[in-house]
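To find a chain, count down the sequence lines: A is the first, B the second, and so on, and within it residues start at 1. On a predicted model such as this, the values are computed, not experimentally measured, just so you know.
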Protein chains: 4
Amino acid sequence: MTPSVDLGLLDPATGSAAAAISDHAYAAAMVDVELALVRALVAVDAAPERDEGWATDAVDADALAVGARASGNPVIPLLAQLRRAAPPEVAEVLHLGATSQDVLDSATMLVAARTRQRIDAALTPVLAGLAALADRHRATPAVGRTLGQQAAPTVFGLRIAVLLDGVRRAAQHLDALELPAQLGGSVGTLAVLSDLLGVQRADQVRRRFAEELGLAFRPTVWHVERGPVAELGAALAVLIGALGRLGLEVAQGTRAELGELELRLGADEGGSSAMPQKHNPVPAILLVAAARRAPGLAATLLGAQLALDDRPPGEWHAEWQPLRELLRLALESAVLAAEVVAALEADPGRLTGHLDDGHGAVHAERAQWALVPHLGRARAQELVRAALGARDFVPALLASLADQPEAADRVRAVTDPRTPVGLAGPMIDAAVGSAR
Amino acid sequence: MTPSVDLGLLDPATGSAAAAISDHAYAAAMVDVELALVRALVAVDAAPERDEGWATDAVDADALAVGARASGNPVIPLLAQLRRAAPPEVAEVLHLGATSQDVLDSATMLVAARTRQRIDAALTPVLAGLAALADRHRATPAVGRTLGQQAAPTVFGLRIAVLLDGVRRAAQHLDALELPAQLGGSVGTLAVLSDLLGVQRADQVRRRFAEELGLAFRPTVWHVERGPVAELGAALAVLIGALGRLGLEVAQGTRAELGELELRLGADEGGSSAMPQKHNPVPAILLVAAARRAPGLAATLLGAQLALDDRPPGEWHAEWQPLRELLRLALESAVLAAEVVAALEADPGRLTGHLDDGHGAVHAERAQWALVPHLGRARAQELVRAALGARDFVPALLASLADQPEAADRVRAVTDPRTPVGLAGPMIDAAVGSAR
Amino acid sequence: MTPSVDLGLLDPATGSAAAAISDHAYAAAMVDVELALVRALVAVDAAPERDEGWATDAVDADALAVGARASGNPVIPLLAQLRRAAPPEVAEVLHLGATSQDVLDSATMLVAARTRQRIDAALTPVLAGLAALADRHRATPAVGRTLGQQAAPTVFGLRIAVLLDGVRRAAQHLDALELPAQLGGSVGTLAVLSDLLGVQRADQVRRRFAEELGLAFRPTVWHVERGPVAELGAALAVLIGALGRLGLEVAQGTRAELGELELRLGADEGGSSAMPQKHNPVPAILLVAAARRAPGLAATLLGAQLALDDRPPGEWHAEWQPLRELLRLALESAVLAAEVVAALEADPGRLTGHLDDGHGAVHAERAQWALVPHLGRARAQELVRAALGARDFVPALLASLADQPEAADRVRAVTDPRTPVGLAGPMIDAAVGSAR
Amino acid sequence: MTPSVDLGLLDPATGSAAAAISDHAYAAAMVDVELALVRALVAVDAAPERDEGWATDAVDADALAVGARASGNPVIPLLAQLRRAAPPEVAEVLHLGATSQDVLDSATMLVAARTRQRIDAALTPVLAGLAALADRHRATPAVGRTLGQQAAPTVFGLRIAVLLDGVRRAAQHLDALELPAQLGGSVGTLAVLSDLLGVQRADQVRRRFAEELGLAFRPTVWHVERGPVAELGAALAVLIGALGRLGLEVAQGTRAELGELELRLGADEGGSSAMPQKHNPVPAILLVAAARRAPGLAATLLGAQLALDDRPPGEWHAEWQPLRELLRLALESAVLAAEVVAALEADPGRLTGHLDDGHGAVHAERAQWALVPHLGRARAQELVRAALGARDFVPALLASLADQPEAADRVRAVTDPRTPVGLAGPMIDAAVGSAR
C-alpha cells in the first residue's frame, strides 16, 4: 500500500511538468547530494573511487516517507537504504561529516536550481510571445482603465509591454539569486570532517562538494540563517504574481462584456460539467489560483527565519512543503503562461470599440489639456465640463469651439484614435528590447 | 507511471492517520456526493433505486489527477469515469442539476466532517492526559516566566491547565462550526432541477442531499460566499496553534538547561544522522512545524473570499490545497499531541529547583506585597530593593525584618514553595473540569 | 512636538468613525480597566470608594507612546501618570495584583467590544439595504457568470441575496465570540491578590472586574493562550472579506462595459487628479483594499498563538497593531459598505440586456435539459450543439424542433427571461428573512 | 481636533527614529515629488524657474488625511493645498501630465530610499559590534544545539558569525534593490505631457524627474506592475527576520537557566509593572515582535501584485500601509539591534559550562569518529554507546580504551574544549571579513 497523499487532484496547476518537483525528484536529489559528498571525499583521497551504478534504484521513496515520520526527516531512512545498497568501502564514507540538514538543504537547492532551469525554458516562449503581441499591437487603440473605470485612451501593446516587463524582471530577479550548497555537519563546524582530514582538506571537501552540485559555495554555514530560503520563496512568489497578472488580465479580457481577448484552447479544454456552451479560460484561471496561493506560502518561509540555536527547532521543517509548493506553482505557472500566450488573440475591433462606450468622455483629459495653451486652464475646464454634459463629448466640444479653429484642430488631433499615444511607443520598445 | 507528486516525504507531519485526507479520500468523498444526489432524486421519485455496488472501484484517482488539469477541476473526469461504470438508468440521472463546484464543495465538507471526527477522537487522550497532568502537578512549585525571564512562583499544573484550556476551546470552536452541503447547479439557482422536477421537489432534493451526507443544509447557495471555508480554515489554524504551543513548551522544557520535561519516546524515534547521544523530541518539533505553517494557509483561505460573480474565477481553485493541508496538519497535530502527552514526564525536582536559580529574587513581588500592610508601600519597596542587592534574597530580607516578627512570618509564608499559589488551584479545577 | 506617526494619510479607509480605534481610545480603555479593578476592590472592601473624576484627563497619550518604547508596553508609563493624578488612597490600590498584560488585554477586549457595537450599528443599514435590493430585484433577469464567463440566466436579486447572507453570517459569527477580561497578575496565579485578600475575595475581585467591564469571565487565565485574540482576528477578517466582496462586485458592475450597477456618490467624491470625466467608485475600491489587507494581519494573530512560558516573549507585542488594524478595517468597511449600499443603483436594462451578448448561448443548459424528457439525452445534446453553432441559439434550436411542438414549447418557456429561475425565489426569501 | 489615529502606543517598536516614516514624512516626500516634476519641466523650458520657498509649510497633513478619505488618496487634497500656496505661474504647471499614483508611488520610493539610508546607518554599529563579538569569542567553547537539544561542541563566535552573515547579506540584498521613480500620467502613456511638449521633451522630463529625486529611471511605466513594491517588501521582511533572530537568540540566551548572555540596559529600561526584580530584555523582545509581524505584511504586498487594468482597482491602496509598516519595522529593528549589540555581554563561563550539563555526552559524535580509524565503525559505535550509558561519558570511554593508548589520546584531544573546532575559525573569518 502506498502512503501517497497527493496525486495532484486538488492541485491541477501541477501537470506533467511538475513531476520535476515530486517526492521522487527530491529523493533523487538527496542521492545526488550524498554522491557529491563521496566524490568530494575522493578528490582529497579520503574515499576510494567507485562506479556509482549501485545508487540507481537504491532508494524506495515510499519507504522514505514512512520513515521520515519517526526520525523527523527523510534523510535518516535514506541513509539506511543507501548504506544497504552501497559497496562496503563506500558505505563506510557515506554522509561522512554531514548532518541530515546538509543533505536536505543541498538537495532542496539542487531541486530549486533544476526547477529554475525548467522555469526559464518555459518562460522563453512566454517572453517571446508577449513581446510579439506587444509589438503587433503597438498602435491598436484601446481604453485605458483605472480603478476599474474607463479613463483615457492607450494602446493595447503598452498593456502587454507592462505585463512583459513584469515577468521579465521577476525571472531575472529569480535567476540572480545565489543557490548555495550546505555542508556544516552536526552543529555547523564541520568538526568531524576536520578531525579526520585536517582543516585544510575539510575546507577543500566543502568547496568541491558545492562545485560537484553546481551550487554556490558559502564560506559560512547557513543552517539557521535562512536568507537563501526566504529570498528564494519571495522571488518565486513575485514571479508567480507577475504571471498571475497575465491570467487575471486574460480572464477579464475574455469576458463577453469586454470581448477584447480570446483564448483559443483545444476542444477538450475548458468544458463545463453542466453548461454545453462554456469555454472556460482554464489556464488563465489556474494562473490566478496559483498567484492567490503564493503569498501565504512565502510568508511561512519569511517567518521561518526566526529560529533558535545552531539548527532550527521546527522552523526548518516548516520550510520544506511551502518551498516545494512555490517551486511547483512557479514552474506550472510558467507552463500555463506559455499555453495562454500561445492561445491568446486580441480583438482590435473590440479593443478600439470600447473607446466609444462613454460617448467620447474618455478623451476629456487630453482634449482639456489641448485647449489650455489656447484658452487658459479655467476656460478649458469650463468647456470640457459643459461638453461632458452633452450626449457626445467630442462633437459637443468642437461645437463650442466654433470660433477657435486652431484649438478645434488640436482637439480633433488628440481625440483621433490614430494619433500616437504619448510615450507608449518608446515604452513598448524598451520592454520588448529588454526581453530579447 | 503514477503522476503522484507527494508521498509525504517533506511533510513528515503526515503519517498513516492523514491518509484520511489523501487524494483517494477526496475521490471517495466525491463519489459519495454523487451517490447522495442520486439517492435524493430517488427519494422524490426522480430516479430509480439501484444497488450502489457499481460505484465501488469505479474511480481511478490517478487518471482523475491527469484529467483535472485540462478541465480545471477533478469532477469533470470523475463524472466521465462514473458514467462509464454506472448502469445506464443511473448514468442518466448522475449529477442531475449539479455543477462541478457542488460536488467538490460538498466532498470537501464531507472530508472535513470525517476529519473532524478523527481529530476529536485523537484529542480525547490529549485532553485526558493534559487534565491528569495538570491535576497531578497542581501543587508542584515551578518558576513562572514572562518575557523569557524568571518572574514569580507558579505551579506546573497551572501551566498545563492553560494549555489544556486552549486546546479544549479550540476543539470546541471547531466542533461548533456548521459544515454545509452545496447544491446550486451551474449558477446557483438550481434552475435545471426545478425545470425538470418543479420547484418544490427540487427543494426537497437539496434538503435530502444534505441529509444523506450528514452535512448542514443552507437555504442559500454559497458558491461565491466562502464564509464556511474561511471560518473552517481559521478554526483549524487556531487548533493547530493551540497544539503547536504544546510542542513549543515541550521542546523548550526538554532542553538540558531547563530539564523540566522529558519525552520518553520509542528507541527508533528521535535519533540523529550524526550524533549518537541525541534524543530529539521529534513529535514536539513537528507540532511546532505544523503550527508555523498554518497561518499562511489560513490567510490564503481568508483572501479567497474576495471573488467575483456567481462562482469564483480562480479563488475557488486556490482554496483546495490549503484547506486540505490545514485538515491534514490539524489531524496530524492531534495525533502528534497524543504521542507527546503519552510520553511526557515532568521532573518536579528540576521544576522546583529553578526557583533557586536567581537566589530567591523570584519571590520579590509576593514578599514586597506581604510587607505593604505592615510597613507601607514605600518602606516595603525599599527593603525589597535592598535585599535584591544581596546574595540571597529571602535571608537578606528576613534579616532586615529582625524587629518585625509578624512581617517576617508573612514573608516566610509567601516565599515558602509549599504555600498555595493564589488562584492556581481553582483555575486548574476549572480547566480540568471543562475538559471532562 | 508630537510623536504622531499615523494620521490616516495612507489608510484612507480610516475616516472619522475609526477614531474609535485610535490610540486615544486605547488609552481611555486602559484607564477604564484600571478603574474597573479599583471598583472590584471596593466591592470586596479592599479599597475605599471615591469619586472617579480624578481620572478624567489624567492621561497624556503622547507621553505614553514615548514611554512605551523603554518599558516595552504602554501600561507602565500609564500607571505612573495615573498614580500622580489619583488621590493617595486610590493610588495605593491602583493596579493591585495586576500586571501590564492584564490591563492591555482587557483594554483591547474593551475596545473590541465597543468597536463591535459600532460595527453592528453600521451594518444595520447595510443588511437592510441589501435585503431591500435583493427583494426589489427578485425577478430581474441577469446573466450568471462562472470562471468569468457568461454561464446561465439568474436573477440579480439572488446575487445580492448571496452577498447579504455572507455579511449577515460573518457579523453573527463575530457577535457570538466571547470577549473575555484578563486578570491573572504577574504569572497568571493572582498570587499577590490572594495573599492580600484571601483566595475567595481574590476570586470575587476577578469576577467583579469582568462584570464592571461588561466582558466575559474566564475561570482560567489566558495570558499565553491566545485563542480569544486569534479567533477575534479571524472573525474580523471574515467580515472584512464578506464586505470586500460587496466592493469587488460594485467595482466590477460599475465598469462601463458591464454597466449593471451605478454608484451615485456626492460631487466631491470619486474625482481624479487628472481626468475630468472620472467618477471613481471610491468606497467600493477602499472596501477591496481593506479586504486585501486583512488576511496578512489575521495570519500574524494566528501565528502569535505560538508563544512560550507563562506570558509570551514577543508574540504578545506582535498582536497589538494587527488586531487594532483589523478592528479599524472592519469598522471602516462597515461604514464604507453603508455608503455603497446607500448609493447603489442597479440597471435592470443592462442586467437583462447582457443575456443577449452571446446570442442566446447562455440558455443552452436549460434548453438542453428541457429536451431530454422529450428526445433523450444524446439527441438533446446533438440539437443543442448544432444550434450553438448557429448565429442565434434559441431560434436555431426552435427551428430544429419544427416537428416537436411540445419540446419546442418547453424550450420557449425555459429560455424566456420572465420564467422564474429555479429556487432563486426561496433562496432570496431565506437570505432576506434571516437578515431581519 | 486632530484625526490622529496612531501615536505609536501599540507599536513601541516605533521610537523617535521612525518619525522618518510618519505621515509628515510622506507628505514632505509628496511635496518633493511635485517640486521635482516642476524642476524637470523647467529643465525643458516648459515651466518658469522660481524659488521654492512657497512650498515650505504649504501642506497641512491633518487636512490631507481627512481629504484622502473622499478622494481615495492623499494626492488630490495635497494638490489643492499646493495650488493655493504656489505662485500662479507655478500653480499652472504643478502636477502637469502626472496622475495621483505617479506622485504617491514616487514619494513612497523616496521615503523608502531615505529610510534605507537610515537603516544602513543604524546597521553600521550592528555589523561592527557583531563582528567584534564573533572575533572576541572565536575560541570560546559553547554547546551547539539542534532541535532544541545539546548536540555537539561549537564556539560562541561561530553562532554570532552566522547571525552577522545573515544580517549583512539581508542588508546587502536590500541595498541592491532598484527604487524607481514613477511618471506615466493617467493611464501610463504620458500622453498629455507628450501632446503639450512633444514626445522627446516628455521623455526628457521623465528622465530628469527620476534624476531630481535620486531614484532609478524605468523606461516602462509600472503603475500596475508592482514588482518594485513586492520585492522591496520581501527584502525588508528578510532583514527584519535576520534582525529578529538576534532578538530571539538574546531573549533565549539571557534566560536564567541558560545565562549565556546578558543585556546591560539602562536603569529605566526593562522594568515590570509588577515584579521588582525583573530586568526584561525589552529591545530583544521588540525585535522578535517586529519579526513576527513582517511576514503577514510582506504577504499582502506579494498579493497586491495581482491587479487588473492599467492602474489597480484597490490593490494599490492595499499596499500603502503595509509597506510603510515594513519600512518602520525595518528601521526600528536596526535601531533596536544597535541597542542590543551595544548592551550585549557573553558569559564565557556559562557558555563553556553547559558542555558539562550532559556529563560529556555532547562529545559523543567527535569521540566516535576519532575511534573509527583505530577500531572501525562498528566497534567505535559500540564503545561510545556503552560509555553513553555510564555516568560520565569521557572517563567511561577512556576507561574502555585502556589498551588503546593512541585511540585514547585522540579521544582526549577531540573532547578537550580547547581543541579548535573544525572550520569554525575560517567561517568566522569569512563572516567578519565580509562585514567590513
Checklist entry - Who wins among C/A291, C/A191, C/G227 for the most heavy-atom pairs under 4.5 Å with chain B? => result C/A191
Checklist entry - Most heavy-atom pairs under 4.5 angstrom with chain C, which of B/A234, B/A431, B/P219? => result B/P219
Checklist outcome for this item: In terms of heavy-atom pairs under 4.5 Å with chain C, the winner among B/L193, B/T154, B/V221 is B/V221
Checklist entry - Shortest non-hydrogen contact from C/P373 to B/L196? => result CG-CD2, 3.9 Å
Checklist outcome for this item: When every non-hydrogen atom of C/E225 is compared with those of B/A242, the smallest separation belongs to OE2-CB, 4.1 Å
Can you say whether [X] sits under 4.5 Å from chain C via the side chain, the backbone, both, or neither, judging by heavy atoms?
X	answer
B/V143	backbone
B/Q149	neither
B/A370	neither
B/L423	both
B/P228	neither
B/A378	neither
B/L164	neither

Checklist outcome for this item: Applying salt bridge (charged side-chain N to carboxylate O under 4.0 Å, His left out) to B/E178 and not counting sequence neighbours gives B/R218, C/R169
Checklist outcome for this item: Contacts of B/D203 meeting side chain to side chain donor-acceptor pair (under 3.5 Å) (sequence neighbours excluded), chain-then-number -> B/R206, B/R207
Using only atom types and a distance under 3.5 Å, with no angle test, would you say the side chain of [X] pairs donor to acceptor with the backbone of [Y]?
X	Y	value
C/T220	B/M427	yes
B/R410	C/D195	yes
C/Q305	B/V238	yes

Taking side chain as C-beta onward, heavy atoms only, is [X] less than 4.5 Å from [Y]?
X	Y	value
B/Q150	C/D309	no
C/Q101	B/T146	no
B/W316	C/L147	no
C/H173	B/E231	yes

Item to check | Steps toward salt bridge (charged side-chain N to carboxylate O under 4.0 Å, His left out) verdict (C/D310, B/R145) | outcome: CA-CA 5 Å; C/D310 303 292; B/R145 299 183 182 93; 5.6 Å; no
